[in-house]
K.L.:
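Please read through the structure below; I'll follow up with questions.
Residue numbers start from 1 in every chain, and the chains themselves are labelled A, B, ... in the order their sequence lines are given, proteins ahead of strands.
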Amino acid sequence: MKMQSEYEIRGAVRRLVSERIDQVSLDDSASFLESTDLDSMGVVELLVAIEEEFSVSIDFVMIDPGSLMSVNGLTHHLSTLMDASNGGY
Amino acid sequence: MGTGNEHRIVRLHRCWRPFAGLLGMAFTSWESRQGRAEAGMLVTWGAVIDLLARHRPNDAAVETGAQQTSYKQLLDLTHEIREQITRSPAGAGPIVIADDPGAGACAAIVAAQALGRAYVPLSASHPAPRIQQILAAVEPALIVQSDRTAIRMAEGLSGHYPLLTISRQLDNLSWARSPEPGANSPSPIGSDIAYVMFTSGTTGRPKGVPVRAKSLMAYLDVATKRFGVRPGDRASHFFDLTFDLSVHDVFVTLLGGGTLVVIPAEQRMLPARFIREKEISHWFSVPSAAESLQRVGALRPGVFPQLRQTLFCGEPLRWPVTEAWQSAAPNSRVINLYGPTEATIAISYYVVPRRRSRLDDIYGIVPIGRVFEGQHGRVFSRHEAGEQPNRGELQLSGSQVISGYLGAADGHDAFAPDPDGAVWYRTGDAVERDGGGLLHFLGRIDHQLKISGYRVEPAEIEDAIHRAFPACRSVVVRCDRGERRGLVAAIVCKEGDRPSASAVREACASSLPPYMIPAHVVELASWPVNANGKIDLSAVRRQLEENVGPDVVAQRGA
C-alpha cells in the first residue's frame, strides 16, 4: 500500500463524495445523510468505492457507520487505518 | 370514550400464560369456547400497556440512543396526550403523527388507539407539498409533532390544523397551534380505521391506504403468536413510521412487553454494530440491510450470537444473503414475510430451514410461503396459451385486506369482486405455487418498482419530471447491473430544452420523498420501441445497464 498523507486522503475522499452528489460544495463536517441527496444505499455505494480506492477493508462489525458519515469522519478513519497498516514498515 | 374503541382489542395468546400472575390477570378464558385455535384472552390494547406499566413499571419500553423510556413513563405520556386531546375542542378526526420513530411517536400511536382514532404518520424527510397533500386528504383533528422535527417540518405543517408539540425530554406537551371550537372539517376517515399509510400512486399523487382496526387485530393475532416478543426481549425499530412495517415494530414489541430499540438513520443500512452493541434479540428489516452488510463483508460467521429471531419483509429475499445471515446469527430463526400495505403489514410467511432444499429454491429467491391462517390467497391465472396453471397473479382476500383506497379515483381495478360476493385484492405480484403449496415470488406483473422496500410507481416520478420540464419525456426503471444502480430516469428531450441531471433530481425532490428521486438521469437520443410501437422498457433498462458511457445530461449539468 502506498503511503498517503492525511491531505491526500482528504482530497481523494472529497473527490469520491463530490462525484456522487449534486451539491456544488459540501462542508467537510456535514453529514452526508442530512446535507446531501445521498440516501442510505448511496452511502453504502460510497463506502464500497472508498474501500476499493484505498485498498482497505473497513470493519463494519466494529465501526459505527455514523462516524463515517462526513468527509472529516472518513478521512480520520482512513488515516488511522492506513497508519496502522503501514506500521513497522 | 370515542366510538371505535371496541375495535381496539387484541388477543393475548398462550405464550402470555407464564406472565399471567405478573400481569395480575385472570387467564381462565384461555380455554375458549370455540376450541384451541381461538384460545386466548381478549383485552383492549390500552389495557395491555396499562398492565405492563403497573406490573413492570421500570422495564424499558422504548430506547432511542441514550434515552430510555420505561413502560410507566410511556403510559404517563400516553395519558397526558389523551387528556390534552379530550380536554380540547379538537374534532373527532384522525391524529397525524409528525415525528421520527421513538417514545413520543409510540405514545401518540397508543393514545390514538385508546381514543379510537386512526393515526396517520408523516416523515420529516418528505417534501412540504407532499405533506400538505396528505393533510388535505385526511382532514386530521390535530397533528402531534416533536420539537426534534418541528423545524424540519415547519413548512409542511403550516396551515390551520391544531398542532401539539411533545418536548424532546418527553416532559412537556404544548399547543403550537391551539384547536378552535367548530373549526374542523369532517374527515373521510372513520373510527373503524386504525391507521392510514400513503404509498406511491400512478395518478401523480400519493395513494391513501386506510387499514381497519379489525385488520390490524387480525394481523396482531397471528404475529404475536408466531413472531411475538416477551418481556426482556430487545426488538429493533428499523422502519420509518410512514412504512407500514413500522406498525409491526411498535405494536408487536409493546404488546409483548419487550423493549423497542430505535436504530439511528445513519446505521440503518449497515446495522452490524447496532445489533451487537444494543444486544438486539429480535431483528426486523428489509433484505437490503442484510445485502449491504454482506457486500461490505460484515456477515461473518457468529457475529450476531444474541439474535434469536430475524424477520425480513418488503423485498424479494435471496438465498445467498439468507444463508450468510443464518451463519452470522447461528441462534436466530429466520422468517420471510410477504404482504402489500393493502393486506395489513404481512399476510404470508415462510420459516427458512437451516438447510436449503432444492424444492424451496426457484430462481434463487426464498419462498414467501403460506398465507396466514384465516386469510385467503389464490393464484389467478388467465389460462392463456403457454401459461402454467400454477402461475399467475397473487390475489388476496380476508379480514386483513382493505376494502378500498381513500381517494375515490384510486384503485378501481385493484379489487376483483367474485360472483359469490368475496372481494379479492389484486396484488400485481406474479407468483408460483409449488407442489407442496408454498408460494414463490416471481416479479411484478405491472411496472411498479421496489426501492429498499418502498413501492414506487414510475408513473409518479415521470409525471413530476414532465410537469417541471414539459419538453421532455422520461421513463424510470430500476437497474440492478452495471455502473448505474437503483432508480434511473432515461429522458428524451426536444431540441434546445435540455435540463441538467441535477435540475431533474431537484425537480423530483421538490415533490417526491427521497426514495423516489432517481439516482441517475440519462439522456437517450431516442426511445427503443417494440413491435407495437410502444417504448420497450426492457430495452431501455438494457441500454442503461450496458452503456458504460457517461450520463450525457449529467455532464451538461456539471
Side-chain angles (χ1 to χ4, degrees), chain A residues 13-78 80-81 84-85, chain B residues 65 124-125 152 238 240 263-277 286 288-289 291-300 302-304 328 451-454 483-487 500-506 508-509 513-521 550-551 554 557-558:
Chain A
V13 168
R14 279 185 185 151
R15 175 173 56 75
L16 286 164
V17 171
S18 67
E19 283 171 7
R20 285 170 172 75
I21 61 174
D22 288 341
Q23 283 75 6
V24 178
S25 69
L26 179 69
D27 195 277
D28 279 2
S29 62
S31 155
F32 301 140
L33 285 176
E34 281 162 27
S35 307
T36 77
D37 42 18
L38 278 182
D39 60 7
S40 43
M41 291 310 282
V43 168
V44 174
E45 300 285 328
L46 168 69
L47 293 171
V48 169
I50 280 179
E51 285 189 320
E52 281 168 10
E53 171 88 11
F54 292 92
S55 307
V56 293
S57 168
I58 301 172
D59 185 356
F60 287 100
V61 173
M62 307 310 286
I63 293 288
D64 172 3
S67 69
L68 305 177
M69 290 297 132
S70 66
V71 170
N72 279 346
L74 277 171
T75 305
H76 175 75
H77 186 67
L78 287 167
T80 321
L81 257 184
S85 61
Chain B
S125 70
R152 280 185 283 152
F238 176 91
D240 188 80
I263 183 164
E266 65 272 17
Q267 299 199 42
R268 204 172 277 167
M269 274 302 145
L270 291 168
R273 166 141 168 176
F274 172 81
I275 291 172
R276 286 165 60 90
E277 195 174 71
V286 285
S288 295
E291 299 265 1
S292 309
L293 283 179
Q294 192 186 23
R295 221 171 137 198
V296 299
L299 286 190
R300 300 199 291 266
V303 290
F304 303 139
I451 299 295
S452 297
Y454 284 99
E483 291 282 304
R484 301 187 191 91
R485 302 217 178 179
L487 270 185
S500 69
S502 56
V504 171
R505 289 160 48 81
E506 258 168 49
C508 292
Y515 60 87
M516 288 177 72
I517 302 167
H520 298 274
V521 181
D551 297 8

K.L.:
Above 12 or not: heavy atoms from other molecules or residues under 6.0 Å from NE2 of A:H76?
P.N.:
no
K.L.:
CG/A:L33 to CD/B:Q267 distance, rounded to the nearest 0.5 angstrom?
P.N.:
11.0 Å
K.L.:
Is it true that, when you exclude A:E53 itself, more than 12 heavy atoms of the residues, nucleotides or ligands shown sit nearer than 6.0 Å to its CD?
P.N.:
yes
K.L.:
Can you name the residues of residues 63-70 of chain A that have some heavy atom under 4.5 Å away from a heavy atom in chain B?
P.N.:
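Those residues of residues 63-70 of chain A which have a heavy atom under 4.5 Å from chain B are A:I63, A:D64, A:P65, A:G66, A:M69.
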K.L.:
Given heavy-atom pairs under 4.5 angstrom as the criterion, report whether the side chain, backbone, both or neither of B:I517 touches chain A.
P.N.:
neither
K.L.:
Which one wins on heavy-atom pair count under 4.5 Å against chain A: B:E506, B:R295, B:R273, B:E277?
P.N.:
B:R273
K.L.:
Nearest 0.5 Å, what's the CD-OG distance between A:E45 and B:S292?
P.N.:
8.5 Å
K.L.:
Do B:R300 and A:D59 have side chains that get closer than 4.5 Å, going by heavy atoms?
P.N.:
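Side chain of B:R300 against side chain of A:D59, heavy atoms only: contact under 4.5 Å found.
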K.L.:
Which pair of heavy atoms, one from B:A298 and one from A:V61, lies closest together, and at what distance?
P.N.:
O-CG2, 3.4 Å
K.L.:
Would you say the side chain of B:R276 lies within less than 4.5 Å of the side chain of A:M62, judging by non-hydrogen atoms?
P.N.:
yes
